[in-house]
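Read the structure below first, then the notes.
Values in this document were obtained by computation on a predicted structure and should not be read as measured data. Below, each value reflects all heavy atoms present in this structure, side chains not excepted, and no hydrogens, waters or symmetry copies. Numbers for residues simply follow the sequence, beginning at 1.
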Amino acid sequence: QVQLEESGGGSVQAGGSLGLSCGASGNTYSMYCMAWFRQVPGKEREGVGSIDSDGATFYPDSVKGRFTIFKDNTKNTYYLQMNGLKPEDTAMYYCAARSPFTRCTRGRLQPDSYTYWGQGTQVTVSS
């Protein structure tokens, strides 16, 4: 089992930056693929990036060049650095991990492919 907990959400003005953290505990050695998702009420959960065990990252066009995922293996912590934030980035942000020893699927961010989820942290971007 893996437990995930996000932190770092808050409010920021458009154009600003915000960093989120995802602390992992439990069988973290089995975590090969981790991703960040976001969700607005009434809409489907949307992937904003993933990082594989080899450090390879993937971002959808909506956030590419603005969002960066990185990890600190010594702390079992994953990060989402968000720059150039826009009001449309407002959402609840979640970190997620695939089932044990499962690599990321390059170019895909499907919520139902992820097994473990954090509780979410709210990001609000004002214009």
Side-chain angles (χ1 to χ4, degrees):
Q1 289 290 325
V2 171
Q3 294 80 42
L4 303 173
E5 184 173 4
E6 304 93 340
S7 61
S11 298
V12 64
Q13 289 191 329
S17 298
L18 202 61
L20 305 182
S21 300
C22 176
S25 59
N27 296 331
T28 56
Y29 64 89
S30 68
M31 287 176 55
Y32 280 16
C33 174
M34 182 274 171
W36 286 92
F37 290 83
R38 64 187 181 188
Q39 190 169 23
V40 175
K43 293 190 175 182
E44 293 186 354
R45 195 163 290 192
E46 172 193 17
V48 297
S50 65
I51 185 165
D52 211 340
S53 55
D54 60 0
T57 55
F58 168 73
Y59 305 96
D61 289 343
S62 58
V63 304
K64 192 177 295 182
R66 300 190 298 122
F67 288 15
T68 303
I69 294 177
F70 56 101
K71 59 183 177 178
D72 184 338
N73 289 326
T74 64
K75 297 181 179 180
N76 289 325
T77 301
Y78 296 79
Y79 302 92
L80 176 65
Q81 179 62 38
M82 303 180 291
N83 299 326
L85 283 163
K86 306 175 182 180
E88 52 263 43
D89 294 319
T90 295
M92 185 72 79
Y93 282 72
Y94 300 88
C95 62
R98 296 200 71 178
S99 53
F101 309 111
T102 303
R103 300 284 298 271
C104 293
T105 301
R106 297 294 168 90
R108 293 187 63 188
L109 282 167
Q110 298 295 325
D112 57 8
S113 298
Y114 289 77
T115 303
Y116 304 105
W117 292 84
Q119 82 288 350
T121 186
Q122 178 68 35
V123 172
T124 302
V125 184
S126 58
S127 57

On a heavy-atom basis, the closest approach of N73 and K71 is OD1-CD, 3.6 Å
For S99, which residues count as a side chain to side chain donor-acceptor pair (under 3.5 Å) partner, sequence neighbours excluded? T102
My understanding is that only residues two or more places apart in sequence, or in another chain, count here; which of them pass side-chain contact (heavy atoms from CB on, under 4.5 Å) with Q13? S126
With N83, which residues qualify under side-chain contact (heavy atoms from CB on, under 4.5 Å), at least two apart? S17, Q81
Answer yes or no: is there a side-chain heavy-atom contact under 4.5 Å between L109 and P60? yes
Does T121 reach the main-chain N or O of G9 with its side chain, forming a donor-acceptor pair under 3.5 Å? yes
Partners meeting side chain to side chain donor-acceptor pair (under 3.5 Å) with T57 (sequence neighbours left out): none
When Ile, Leu, Val, Met, Phe, Trp and Tyr are grouped by side-chain heavy atoms lying under 4.5 Å apart, directly or through other members, which residues fall in the same group as F67? V2, L4, V12, L18, L20, M31, M34, W36, V48, I51, Y59, V63, I69, Y78, L80, M82, L85, Y93, Y116, V123, V125
Any disulfide (SG to SG under 2.5 Å) pairs touching residues 63-127, not counting sequence neighbours? C22-C95, C33-C104
List for me each residue that meets ring-ring contact (aromatic ring centres under 6.0 Å, His included) alongside F58, sequence neighbours excluded, and say none if there are none. none
List for me each residue that meets side chain to side chain donor-acceptor pair (under 3.5 Å) alongside T74, sequence neighbours excluded, and say none if there are none. D72
Qualifying residues under side-chain contact (heavy atoms from CB on, under 4.5 Å), relative to S53, sequence neighbours excluded: Y32, R103
Measure the spacing between OH of Y94 and CZ of F37 and express it to the nearest 0.5 Å. 12.0 Å
Can you pull out every side-chain hydrogen bond (donor to acceptor under 3.5 Å, both in side chains) where at least one residue sits in residues 40-50? Sequence neighbours excluded, please. R38-E46, Q39-R45, E46-S62
If you round to the nearest 0.5 Å, how far is CG of D52 from CZ of R98? 9.0 Å
Residue Q1 excluded, over 12 heavy atoms near CD under 6.0 Å: no
Please name all residues satisfying side-chain contact (heavy atoms from CB on, under 4.5 Å) with Q122, sequence neighbours left out, ordered by chain then number. T90, M92, T124
Under the rule for side chain to side chain donor-acceptor pair (under 3.5 Å), what residues qualify as partners of S11, not counting sequence neighbours? none
Let's go through K64 and D61 carefully: what are the C-alpha distance in whole Å and the side-chain angles of both, what is the deciding distance for salt bridge (charged side-chain N to carboxylate O under 4.0 Å, His left out) to 0.1 Å, and is it a yes or a no? CA-CA 5 Å; K64 192 177 295 182; D61 289 343; 3.3 Å; yes
